[in-house]
Amino acid sequence: MRAYVIRRCILIFPTLLAVTIAVFLTVRFIPGSVIDLMVAEVSAQGGLSNHEEIAAQLRRQLGLDVPIHLQYFRWLGVAPQEDGRFYGILQGNLGESLWG
């Protein structure tokens, strides 16, 4: 019985890792681009026509201009954000929309 419990406890870590990777990749690679929707919204409000510049600025602000592995570690909360602080699911930060 003890060996069974130990095996199950050890298997928690790879399972959680696989689940977090699956969730991150599912959210990251869904069809359609949020950036395109945001650029269209900004363009409609302000009448701006430089879509590529707005898209690049939004990607930088959202942290989508860094490699995918760094995005994953930032999402987890084990790599610092651009401001040097740690945010993410392991830090207890579930997003502003949850609290506001």
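Counting from 1, the numbers follow the sequence of the chain as shown. Side chains included, hydrogens not; waters and symmetry mates left out as well; all remaining heavy atoms used.
Glu53 meets the side-chain hydrogen bond (donor to acceptor under 3.5 Å, both in side chains) test with Asn50; sequence neighbours excluded.
Heavy atoms only, all atoms of each residue included: Gln71 and Val66 are closest at NE2-O, 2.8 Å. Closest approach of Tyr72 and Thr20 over heavy atoms only: OH-OG1, 2.6 Å.
Under a hydrophobic clustering in which Ile, Leu, Val, Met, Phe, Trp and Tyr are joined whenever their side-chain heavy atoms come within less than 4.5 Å, directly or via other members, Phe13 and Leu11 fall into different clusters. Hydrophobic cluster membership is shared by Ile21 and Phe29, with clusters built from Ile, Leu, Val, Met, Phe, Trp and Tyr side chains linked at under 4.5 angstrom. Placement of Leu76 and Val19 within a single hydrophobic cluster is found when ILVMFWY residues are connected by side-chain heavy-atom separations under 4.5 Å, directly or transitively. Side-chain heavy atoms closer than 4.5 Å link hydrophobic residues (I, L, V, M, F, W, Y) into clusters, and following such links, even through other members, never connects Val78 to Phe86. Both Phe73 and Phe24 belong to a single network of hydrophobic side chains, linked directly or stepwise wherever heavy atoms of I, L, V, M, F, W or Y lie under 4.5 Å apart.
Going from atom CD1 of Ile54 over to atom CD of Glu41 covers 11.5 Å, rounded to the nearest 0.5 Å.
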With a cut-off of 3.5 Å and sequence neighbours excluded, list every side-chain donor-acceptor pair involving residues 55-64.
none

CA sep, side-chain torsions, deciding dist, call: Leu70, Trp75, side-chain contact (heavy atoms from CB on, under 4.5 Å): CA-CA 8 Å; Leu70 186 55; Trp75 179 74; over 6 Å; no

